[in-house]
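These numbers were taken from a predicted model, which means no experiment stands behind them. We name chains A, B, ... by the order of the sequence lines, and we start the count at 1 in each one.
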Amino acid sequence: SQTIHQWPATLVQPVGSPLSLECTVEGTSNPNLYWYRQAAGRGLQLLFYSVGIGQISSEVPQNLSASRPQDRQFILSSKKLLLSDSGFYLCAWSGRRVGRSQGAKNIQYFGAGTRLSVL
Amino acid sequence: RKEVEQDPGPFNVPEGATVAFNCTYSNSASQSFFWYRQDCRKEPKLLMSVYSSGNEDGRFTAQLNRASQYISLLIRDSKLSDSATYLCVVNINAGNMLTFGGGTRLMVKP
């Protein structure tokens with residue numbers, strides 16, 4: 001079965017410090033990978049998604065970046081954190097979409113999340 | 001207009017009640033629809049997919065109305081453990097992206 005690991009679970013960082021959050025998926029190959037952020041009491045905002053190694057699409061301009069050095073590894077980074085970067089960061093994966101009627105492959109499965117507080 | 005819109009609630013209901021949530025979406029070309037459940041300070045988890053003909057999973061019934069561009073979730077015989085935020089999720093552009101609604105919070109009380 002497929003599993004997704006995300007760490008750390010919680011993180012407190014000072015403003016201006018760097019960030020690196022890691023996400024790995026097991027039990028599947030060529031997954032689509034996603035990074036979301038959820039501010040307190042708000043909905044999920046898609047930050048980045050990747051359809052393959054080295055392929056990153058950014059949905060929202062910001063001081064965050066993402067990388068996919070391996071097929072099942074997705075990393076979220078920042079060189080200098082801002083107060084506004086605080087939030088709940090979620091990694092997710094989905095299967096490859098093949099053909100039009102593959103609704104099940106749209107399903108995204110989430111990691112346990114990282115709660116980041118920038119102080 | 002938001003791409004996926006939900007009443008944020010909270011819906012406060014007694015145990016055993018039936019409660020229904022609606023969600024509207026803006027893009028008529030949307031292909032896939034889901035309900036996710038998110039417990040406080042946890043990750044969202046898939047509750048059920050929503051099929052064109054409607055579908056049921058135990059106490060949960062999901063329906064899709066393409067003409068009016070809304071989906072619904074009905075929960076019968078509410079349990080305390082049903083207390084959570086329910087996220088309406090739509091595949092907007094027939095690609096791999098999902099768009100999440102802001103969620104509807106349900107609180108089931110004894």
Hey, what do you get for CD (A/Q45) to OG1 (B/T99), rounding to the nearest 0.5 Å?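 Atom-to-atom, A/Q45:CD and B/T99:OG1 are 12.0 Å apart.
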
* Between B/F100 and A/F110, is the gap from one ring center to the other below 6.0 Å? ->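 Here the rings of A/F110 and B/F100 have centres that are less than 6.0 Å from each other.
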
**Flag if over 12 foreign heavy atoms under 6.0 Å of CZ, B/R105** =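 No.
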
| message | Ignoring hydrogens, what is the shortest heavy-atom contact between A/R115 and B/K42? Give both atom names and the distance. | response |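 Between these two residues, the closest heavy atoms are NH2-N, 4.4 Å.
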
Select one option (side chain, backbone, both, neither) describing which atoms of [X] are under 4.5 Å from chain A's heavy atoms.
X     : result
B/R41 : both
B/Y36 : side chain
B/L98 : both
B/Q6  : neither

Given the rule that I, L, V, M, F, W and Y join up when any side-chain heavy atoms are under 4.5 Å apart, are [X] and [Y] in one cluster?
X     : Y     : answer
A/L83 : A/L47 : yes
A/L11 : A/V15 : yes
B/Y70 : B/Y25 : no
A/V25 : B/L46 : yes
A/I56 : A/L33 : yes

With sequence neighbours left out, what residues match B/D57 under side-chain hydrogen bond (donor to acceptor under 3.5 Å, both in side chains)?
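Applying side-chain hydrogen bond (donor to acceptor under 3.5 Å, both in side chains) to B/D57 gives none.
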
Polar side-chain atom of A/Y109 near backbone of B/K45 as donor-acceptor pair, under 3.5 Å: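 No.
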
Please test A/Q6 against B/E43 for side-chain hydrogen bond (donor to acceptor under 3.5 Å, both in side chains), starting from the C-alpha separation and ending with a verdict.
CA-CA 11 Å; A/Q6 194 181 336; B/E43 75 274 24; over 6 Å; no

Within-4.5 Å side-chain heavy-atom neighbours: A/I107 and B/S32
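Side chain of A/I107 against side chain of B/S32, heavy atoms only: no contact under 4.5 Å found.
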
**For chain B, which residues of residues 72-82 of chain A have heavy atoms nearer than 4.5 angstrom** =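 From residues 72-82 of chain A, none sit under 4.5 Å of chain B.
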
